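Remember, predicted model here, so these are calculated numbers, not experimental data.
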Protein chains: 2
Amino acid sequence: MAVTDEAIEKIKDMIVSGALRPGDRLPKESELAADLGLSRNSLREAVRALSLIRILDVRQGDGTYVTSLDPQLLLEALSFVVDFHRDDTVLEFLAVRRILEPAATAMAALRISEQQLDALTAQLDKLGDDPSVEDLVACDLEFHRGIVQSSGNSVLCSLLDGLSGPTTRARIWRGLTQEDAVGRTLREHRAILAALRDRDAEAARSWATVHIASVEQWLRSTL
Amino acid sequence: MAVTDEAIEKIKDMIVSGALRPGDRLPKESELAADLGLSRNSLREAVRALSLIRILDVRQGDGTYVTSLDPQLLLEALSFVVDFHRDDTVLEFLAVRRILEPAATAMAALRISEQQLDALTAQLDKLGDDPSVEDLVACDLEFHRGIVQSSGNSVLCSLLDGLSGPTTRARIWRGLTQEDAVGRTLREHRAILAALRDRDAEAARSWATVHIASVEQWLRSTL
DNA sequence: ATGACCTGATACGTCGGAGGTCTTGAGCGA
DNA sequence: TCGCTCAAGACCTCCGACGTATCAGGTCAT
């Protein structure tokens, strides 16, 4: 195994074992390199790799720190990975979302706050009659994220965020706007919201399922 | 933005845009560094980072290649990330698994092959009366993976694989063996298998839910 | 006394070059 | 034809130097 890979493992072990805790500062590059028995260059490769997936936070002129290691932060790297997938696997991602999102929406029905409901309503109202693709993507993202956040499970939230991140959604919406599906999709958003307001978990789950299934169906017919 | 980060973005763009396809070979380090306008050292940091998350495959003496970009491969990096999470977030991961796994098991009920069923049965039979923790973990992993693979969705499979990877499972089993939960858990495995053999998707879903809920319940009581 | 500003120490960022090691494939001999 | 040798090519590791950003402490004007 290459020295850099060893370094990655050792740093990982230091964190997993608790020797390094979230927020802790690592020894400076030259010292850490000496401790781990490799050159500064090779160590930097290890640090850079861990920083890409948000394990470490490198601040020039200051030092290198362990991040908070929050699920939200770490799963952020997921969207980076998802961006690499080609269209032919979008359906598989959507199928997973179809499993997770209804469950999350049902959970949210029991926990979502009144003010969050009002915020979602206001957000839907804000969208004009002829919104741009960018607006639709942003609105869609915000809407679902707002609901999933109210599920109370940050792992679930981050996962859904990563699975159907901006890129994937943009691809889908770009196609949707070419059809007449925009209106229906927005109406489904309102139906989900109404179910949440009624605290009707099963209705919320079903609407969420319908919502994603309709996108899935459309997508399947065009690929 | 640092030159290394720029390089990461540029390489990512080359792949996403299709200029580099899965399996393609990158220009050699010195050339690519010259093309992107940075030093070889800095480029290596970018390549190393992308190789940690399985976007690139670096082979010493040969060259650097774009991986297959299979969901399975890319989501493998997920387990690396999950390893960093502390015990207090295990419950959230388990909650997500509780959503995904029953759905996957239900899907598998409709698609799993006879020989796969036989293989799972044989595997359960192989486990003796007093298995070690390592055997239990390996068996548990194999059992659930075998089922989820039969769901036919590789993203779902990889995701579950990553979410409840070896580390998480080991932590749980190490605790479980201290109680009398081993026998019950193995019986639940057999019940899931029986439902699959009956092609009874709903029964399979329910048994899977019960199975994970019982682990969840136990875990909640001990944390 | 308080605030802004300057400055030195510190730590990460980038670079170029020098050897080392591994893989591959062409070339050679049995 | 098969197996071996070996040289070219590509990645691996390291070193030393310099650039750049941050922070802490001191200085000076208010």
- Would you find more than 12 non-hydrogen atoms of other residues, nucleotides or ligands less than 6.0 Å from B/R59 atom CZ?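 Counting neighbours around CZ of B/R59, more than 12 heavy atoms of other residues, nucleotides or ligands fall under 6.0 Å, so yes.
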- Item | Backbone N/O of A/R54 and side chain of A/T67: donor-acceptor pair under 3.5 Å |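 Yes, A/T67 side chain to A/R54 backbone: donor-acceptor pair under 3.5 Å.
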- Query: Reading nucleotides 13-19 of chain C 5' to 3', which nucleotides get B (base under 4.0 Å from a protein heavy atom), which S (sugar-phosphate only), which -?
  - Reply: BBBB-B-
- Query: Would you say B/T64 reaches D/dC11's phosphate, i.e. side-chain N/O to OP1/OP2 under 4.0 Å?
  - Reply: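 So the side chain of B/T64 is within the cut-off, an N or O lying under 4.0 Å from OP1 or OP2 of D/dC11.
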- Item | Euclidean distance, A/E45 CD relative to B/S42 OG, rounded to 0.5 Å |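 Here the interatomic distance stands at 10.0 Å.
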Figure out the [atom1]/[atom2] separation between [X] and [N], and round it to whole Å.
X	N	atom1	atom2	answer
B/K28	D/dC12	NZ	P	15 Å
B/E31	D/dA10	CD	P	7 Å
B/D62	D/dC12	CG	P	11 Å
A/D57	C/dA11	CG	C1'	14 Å

- For A/A33 and A/L43, which heavy atoms make the closest approach, and how far apart are they?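 The answer is N-CD2, 3.6 Å.
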- Task: Search all heavy atoms of A/A19 against all heavy atoms of A/D24 and return the closest pair with its distance.
- Result: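 Scanning both residues completely, I find the closest heavy atoms to be O-OD2, 4.2 Å.
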- Step-by-step salt bridge (Lys or Arg N to Asp or Glu O under 4.0 Å) determination, B/R48 to A/D5: CA-CA 9 Å; B/R48 173 70 67 175; A/D5 294 314; 3.1 Å; yes
- Message: Using the rule side-chain contact (heavy atoms from CB on, under 4.5 Å), only one of B/Q217, B/H144, B/R97 pairs with B/I212; which is it?
- Response: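 That would be B/R97; it is the only one of B/Q217, B/H144, B/R97 passing the side-chain contact (heavy atoms from CB on, under 4.5 Å) with B/I212.
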- Query: Just how large is the angle between the end axes of the helix from C/dA1-D/dT30 to C/dA30-D/dT1, five pairs per end, to 10 degrees?
  - Reply: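 Answer for the end axes of this duplex: 0°.
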- Query: Which is it for A/E29 and A/T64 under the side-chain hydrogen bond (donor to acceptor under 3.5 Å, both in side chains) test, yes or no, and what are the steps along the way?
  - Reply: CA-CA 8 Å; A/E29 286 181 348; A/T64 302; 5.3 Å; no
